[in-house]
Amino acid sequence: PAQTMEELVSLCKRRGFIFQSSEIYGGLQGFYDYGPLGVELKNNIKNAWWRANVHERDDMEGLDASIIMHRLALRHSGHEATFNDPMVDNKKNGKRYRLDHLVKDQKAEVLAKVAEGVGEQPENIAAVSARLMENPARAAELLVAAGVRDSHSGEVGEWTEPRPFNMMFKTTVGPVPDADSYAYLRPETAQGIFVNFKNVVDSTSRRLPFGIAQIGKAFRNEITPRNFVFRVREMEQMEIEFFCAPGTDEEWHEHWLEKRLSWWEAQGVPRGKIIVEDVPADDLAHYSKRTYDLMYDFPTLGHDEIEGIANRTDFDLGSHTKGQAELDLSAQVMENADSVAKLTIPHPETNKPVVPFVIEPSAGVDRALLAVLSEAYHKETLENGNERTVLKLRPHLAPIKVAVIPLARNKPELVDLARQIKADLQSLGLGRILLEDSGNIGKAYRRHDEVGTPYCVTVDFDTVGKGEDAALTDTVTIRDRDTLAQERVAIADLAGWLQGKLR
Ligand code: ATP
């Protein structure tokens, strides 16, 4: 695995996985563009998730809801009032920080002073931050007295009172801006699922338990985007809202924890690298009964969240439904006089209308890509003493499945045959097959090791019957990325051979 984030950043730029957004104009902080290989890898991760969570299950439906959402949807979801991060400014240089990030960046003795000042343990940054927000005036004094340093300048800062900052992006819809013409870019894909609950149930006749899955962009105006694509302002999420009868929620929560861990394992992110954090009650989001955070051991960063699996009770549908008063909701919800839909479904046993409980496994595509890359990244010293960088991606995730390489670029018989082989393999639908006619086989191998291409197929003079061994006519060499073993295979058997390995 990668030892530092720097190695990954450098590989991503060098080989075309990820670029800074609008780079030629100085870049836009917290936004990234996925390059030629990045888009393939990202699509492969999303496809693997969709296959496992929608196609291979009989209790799931898919959805692709709009990114811009009605302001009332995000009011009743609770985001207008509570989707806030605590923010604090350094009066000396005008730099702005997310309070918990700033506290976390401090040296142990400074952190200890701040934690002691609010009567919390220094390990529990979330609780320290929450206590500081309870009394902003005191918090400002404490940050100064403890000698909290500016993360950029390293100097002791002069801190303002911390205050909540709403992370939703707002935009105007239509040509006439007026008081009600604003809408939000969704801060999570989940709300698109909740507001479509009735549509999906009515159109599919689903009964409990069942889930709705969605992959799509979400936007958060993060105060301090950082750590490459780990924390960005435009991200992509893979979310499931799994609806079940109240009382069966805890069992389904365990089911999804297990399913999700085994999915990560199948993507090359082993359980041993993920800590499952059972989020302590006082750190839980207001809607959650219990949450498991999957904390992956990122290079440089250490353990941080790649996925949250929350038991959200009947909070979401209860918030978006009409007629709340008659529904015997277990969650505390804001009054809703705007919704026109009753978001109930027959209880599987009593057949009485019930607002179901929800289990939500929510993973970030960008963080998934980072974890997958980090696990796949290897630096090896070969027998001849040479070093190589190799991405040992699972074949189903590799951006390029096979590179077909004519041994010499200026020999039409080799190039034409290689092109024909590429076209034949491409038609199998295994993913991208690349014709690599750069003419330098050593360089081609190095490049494909570095971008994780599982197999290189070489067309040489033996293949076209112009070599020394006539028995090798109509055969090609397949080179294995991980073992470096080379095998001679008849062109006629190539498709079957590769299908066996790449499925
Ligand atoms: P954090 O505490 O790191 O800000 P969160 O707890 O707010 O994250 P959730 O709201 O649970 O995150 O979002 C679900 C998933 O979406 C996260 O597990 C993560 O993979 C992804 N995610 C959330 N915020 C970002 C972001 N700014 N950039 C990239 N991915 C993100």
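As the structure lists them, so they are numbered: ligands from 1, and atoms in each ligand from 1.
Salt-bridge check for Asp150 with Lys95: failed, with every basic side-chain N at 4.0 Å or more from each acidic carboxylate O. A salt bridge links Glu134 with Arg131: the distance from a Lys NZ or Arg NE/NH1/NH2 to an Asp or Glu carboxylate oxygen falls below 4.0 Å. A salt bridge is defined here as a Lys NZ or Arg NE, NH1 or NH2 lying under 4.0 Å from an Asp or Glu carboxylate O, and Arg206 with Glu61 meets this definition.
Contacts with ligand 1 closer than 4.0 Å are made by no heavy atom of Asp366, backbone or side chain. At a heavy-atom cutoff of 4.0 Å, ligand 1 is contacted by no atom of Asp293, backbone or side chain. With a heavy-atom cut-off of 4.0 Å, Arg98 touches ligand 1 through its side chain alone. Contacts with ligand 1 closer than 4.0 Å are made by no heavy atom of Arg233, backbone or side chain.
Considering backbone and side-chain N/O atoms, Arg367 comes within less than 3.5 Å of an N/O atom of ligand 1. Below 3.5 Å of separation, one finds an N or O of Val232 facing an N or O of ligand 1. Residue Glu239 places no N or O, backbone or side chain, under 3.5 Å from any N or O of ligand 1. In terms of polar-atom proximity, defined here as any N/O pair under 3.5 Å, Met235 makes no such contact with ligand 1. In terms of polar-atom proximity, Ala363 is not counted as a contact of ligand 1, lacking any N or O under 3.5 Å from an N or O of the ligand.
Looking at Val279 and Tyr292, their side chains never come closer than 4.5 Å, going by heavy atoms from C-beta outward.
Counting only heavy atoms of the protein, atom 16 (O) of ligand 1 lies nearest to Gln237 NE2, 3.2 Å. For atom 21 (C) of ligand 1, the closest non-hydrogen atom of the protein is Gly364 CA, 3.8 Å. Given atom 17 (C) of ligand 1, the protein heavy atom at minimum distance is Glu305 OE2, 3.4 Å. Looking at atom 29 (C) of ligand 1, its nearest protein heavy atom turns out to be Phe230 O, 3.1 Å.
In this pair, Phe243 and Phe210 present their aromatic rings tilted. The plane angle is within the 30 to 60° band. By the 30° and 60° cut-offs, the orientation of the rings of Trp50 relative to His55 is perpendicular.
Taking every non-hydrogen atom of Ile306 and a distance limit under 4.0 Å, the qualifying atoms of ligand 1 come out as 18 (O), 20 (O). Close approach of ligand 1 to Glu307 is summarised as follows: ligand atoms under 4.0 Å from at least one heavy atom of the residue are 18 (O).
Between the side chains of Asp338 and His76, a donor-acceptor pair is found at a separation under 3.5 Å. Between the side chains of Gln332 and His286, no donor-acceptor pair of N or O atoms lies under 3.5 Å. Side chains of Ser374 and Tyr296: a donor-acceptor N/O pair is present below 3.5 angstrom, by distance only.
Take Arg271 and apply the salt bridge (Lys or Arg N to Asp or Glu O under 4.0 Å) test, not counting sequence neighbours, and it matches Glu258, Glu265.
With Arg231, Met238, Arg220 as candidates, the residue nearest to atom 1 (P) of ligand 1 on a non-hydrogen basis is Arg231. When the options Gly30, Pro187, Ser362 are ranked by their closest heavy atom to atom 15 (C) of ligand 1, first place goes to Ser362.
Applying the salt bridge (charged side-chain N to carboxylate O under 4.0 Å, His left out) test to every pair with at least one member in residues 368-379, sequence neighbours left out, gives these pairs: Lys273-Glu375.
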